[in-house]
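As the structure is a prediction and not an experimental result, all values here were calculated from the model.
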Amino acid sequence: MKNPIILLIVLLCYAFASFGQEIPSKEYSSNYEQVMKRTQWWREARFGMFIHFGAYAVPARGEWVKSNENQTTETYQKYVDEFNPRDFNAKAWAKTAKSAGMKYAVLTAKHHDGFCMFDSKLTDYKLSKNFGGRDLVREFLDAFREEGLKVGLYYSLIDWHHPDYPNVGNHPQRDDKDYGKRTFNWDNYLKYMHGQVEELVKNYGKLDIMWFDYSFDNYSGEKWGATELVSMIRKYQPDIILDNRLTVNEGTSSKQRILKTVGDFESPEQGIPDAPLIDKYNNPLPWETCLTLNGGWGYTEQDHNWKSPELIIQTLVNCVSKNGNLLLNVGPNSRGIIPQESVDILIEVGKWMAMNGESVYGCGASNLLKPDWGRYTQKGNTIYAHWMNPNLGQLNAKGIDGNQVRNIYLLKSGGELSFQKSWWGNNEPGNLFITVGSSPQKPVEYDTVVKIEMK
Ligand code: GLC
């Protein structure tokens, strides 16, 4: 550039544009790129099954029963002795997940109660002892892989059973002064925990996801030996995806969010963020809401407060419309059976997914404003209008330029829908009125998807 004045103007413009904007470091950007690369299949999959299964299915008051009732290892033992999921059939579980349209599943290998669902060589506190030597985790992995689903394991960092895990946080003996006087050898616990994770990532074939749970107070990050743990995991499973709970969660509204090297996705629980999650440099962040079908994760006998298939479908679309995933939970009973109520909901969801999955898989946020009648998802040049709420015959897809529309169809049938740019004196530019019929009923239960192909 020869003219110094032009050069100066260009520099000033550049300085102005980047004012107040923080620039990520090279390391940050390269970690970000790797995370986006390895989470790509997962961000396209969008819908997974969470399975909370353990000895807590026997008391049937949820997986926190030991903590909630301040039970000791001795009083809890009767559940462990009783636990024998004789009707467990991994193939049946896998079929249920598959027919719901789920693409991956995550099973609790060890929950906070410390009881292992896998045949760990590092403890006798495990199901295989009671279960004719069967390794339930291995059976789960084999069956789900066979159905073409990706597989993950949940592993609790917290352990309410191990003698070297102190009575901190929500430990069942948190108020027991005598218990607190014992000596806890933290390094010993870490060795055990790292050792078990190594067993899982080394001996069970390709794992797609490792779901750690959870950090609190200063029990976070390096307290768990996170850097070492993650590098060990990546040695055996270079492509594995990790949730973000090896460090304390910064919540879903933080504006200062950053991607860490010890966690690939955010894990909001029982709630959906208001908008796509972004880091402080405005990059979209991978996230997954985990959600129960009734009120509990582990099997809860008295909880009949089931969510409707409609709410589940609309929740899934809500997540996708903000670039997120949904990990939907089932809590099998102590015999190993997924409650019929859950199966029935999943069958309904599956029927909708069979017709409309195209508007979920591989889709993400569109930059159109959320309409009154529902939500949008988008994949490339195709926008999916999800009509969920009562509406009077015309859907206004505001913000879409009618001149750029190639065609509009009803997704479930491929039938063409007509549209116009103005309606009843509403001639402002930027309106697109799609005629969805004179009937006040939606043609598809729960969510009618209108596919808008743009040029
Ligand atoms: C929580 C709970 C736990 C459940 C998990 C699922 O952290 O402690 O019981 O497994 O969330 O996200």
Side-chain angles (χ1 to χ4, degrees), residues 50-83 85 106-118 120 123-127 153-186 188-190 192-193 196-197 211-220 223-224 243 245-249 267-271 290-303 305 327 329-334:
F50 214 174
I51 308 170
H52 276 69
F53 192 37
Y56 41 78
V58 176
R61 297 188 289 279
E63 76 290 353
W64 272 59
V65 61
K66 190 179 184 197
S67 165
N68 291 343
E69 300 177 8
N70 300 109
Q71 295 217 22
T72 61
T73 289
E74 291 69 40
T75 63
Y76 197 72
Q77 186 58 32
K78 62 176 180 287
Y79 305 130
V80 168
D81 292 339
E82 183 65 29
F83 185 45
V106 179
L107 168 72
T108 48
K110 180 193 95 170
H111 206 273
H112 307 333
D113 65 357
F115 186 66
C116 295
M117 300 297 280
F118 65 110
S120 173
T123 182
D124 274 344
Y125 202 54
K126 57 183 176 184
L127 174 66
L153 296 175
Y154 166 111
Y155 183 87
S156 175
L157 301 165
I158 295 166
D159 194 312
W160 297 332
H161 174 76
H162 196 283
D164 286 313
Y165 189 92
N167 56 341
V168 292
N170 287 299
H171 192 282
Q173 277 67 59
R174 58 195 170 273
D175 300 324
D176 182 338
K177 300 250 164 6
D178 287 336
Y179 194 96
K181 283 185 197 137
R182 296 167 40 162
T183 35
F184 302 100
N185 184 337
W186 183 249
N188 212 21
Y189 176 66
L190 277 194
Y192 171 78
M193 189 265 268
Q196 285 207 318
V197 173
W211 221 101
F212 288 113
D213 199 30
Y214 61 90
S215 295
F216 59 98
D217 305 336
N218 63 332
Y219 286 77
S220 173
K223 179 81 179 174
W224 305 117
D243 74 335
R245 296 194 182 178
L246 268 171
T247 52
V248 272
N249 190 355
S267 55
E269 187 171 315
Q270 309 282 41
C290 50
L291 183 75
T292 52
L293 271 173
N294 55 356
W297 300 101
Y299 181 70
T300 315
E301 189 69 58
Q302 307 296 330
D303 183 343
N305 202 12
L327 187 64
N329 184 71
V330 295
N333 65 24
S334 72

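Taking 4.5 Å as the limit, every side-chain heavy atom of Phe118 sits out of range of all side-chain heavy atoms of Leu153. With contacts defined as side-chain heavy-atom distances shorter than 4.5 Å, the pair Arg61/Thr300 does not qualify. Between Ser267 and Tyr214, the closest side-chain pair of non-hydrogen atoms is not below 4.5 Å.
Here the two rings, on Tyr76 and His161, have centers that are 6.0 Å apart or farther. Aromatic ring centres of His162 and Tyr125 lie farther apart than the 6.0 Å criterion allows. Phe83 and Phe53 have their aromatic ring centers within a separation under 6.0 angstrom.
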- Message: Run Leu157 and Tyr219 through side-chain contact (heavy atoms from CB on, under 4.5 Å) and show every step you take.
- Response: CA-CA 9 Å; Leu157 301 165; Tyr219 286 77; over 6 Å; no

- Item | From CA spacing to verdict: side-chain contact (heavy atoms from CB on, under 4.5 Å), Ser215, Arg245 | CA-CA 6 Å; Ser215 295; Arg245 296 194 182 178; 5.5 Å; no

- Message: Assess the residue pair Tyr165 and Met193 against the criterion (side-chain contact (heavy atoms from CB on, under 4.5 Å)); give the C-alpha distance rounded to whole Å, side-chain angles, the decisive distance to 0.1 Å, and a yes or no.
- Response: CA-CA 10 Å; Tyr165 189 92; Met193 189 265 268; over 6 Å; no

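Evaluation of the side-chain contact (heavy atoms from CB on, under 4.5 Å) rule for Asn188 yields Asp164, Asn185 as partners, not counting sequence neighbours.
Relative orientation of the Tyr155 and Phe212 rings is perpendicular, given thresholds of 30° and 60° on the angle between their planes. Using cut-offs of 30° and 60° for the angle between ring planes, the His52 and Phe50 rings count as perpendicular.
Considering all non-hydrogen atoms of both residues, Thr108 and Met117 come closest at O-CG, 3.5 Å. Closest heavy-atom contact between Tyr299 and Ala57: CD2-O, 3.9 Å. The two residues Gly114 and Asp159 come nearest to each other via the heavy atoms CA-OD1, 3.6 Å. Heavy-atom minimum distance, Asn329 versus Trp297: ND2-O, 2.8 Å. Residues Gly180 and Phe184 approach most closely at O-CE1, 3.9 Å, considering heavy atoms. Smallest separation of non-hydrogen atoms from Tyr192 and Cys116: OH-SG, 4.2 Å.
Here the OH-CG distance, from Tyr154 to Leu107, works out to 11.0 Å after rounding to the nearest 0.5 Å. In this structure, CZ in Phe115 is found 8.5 Å from CD in Gln77, a value given to the nearest 0.5 Å. Put simply, CH2 on Trp160 and CG on Asn167 are 13.0 Å apart, with the number rounded to the nearest 0.5 Å. Atom CZ in Arg174 sits 5.0 Å away from atom CG in Asn70 (nearest 0.5 Å). From Ser334, atom OG reaches atom CD of Glu82 across 7.0 Å, with rounding to the nearest 0.5 Å. Rounding to the nearest 0.5 Å places CD of Glu63 at 4.5 Å from NE2 of His111.
Neither side chain, Gln173 nor Thr72, offers a donor N or O lying under 3.5 Å from an acceptor on the other.
Comment: Asp81 does not engage Lys78 in a salt bridge, judged by the lack of any side-chain N to carboxylate O separation of less than 4.0 angstrom.
Side-chain atoms of Lys126 come within 3.5 Å of backbone atoms of Ser120 as a donor-acceptor pair (strictly under, hydrogens ignored). Judged by distance alone, the side chain of Ser220 and the main-chain N or O of Val248 form a donor-acceptor pair under 3.5 Å.
Between Lys66 and the options Gln71, His112, His171, a side chain to side chain contact (heavy atoms under 4.5 Å, CB included) holds for only Gln71.
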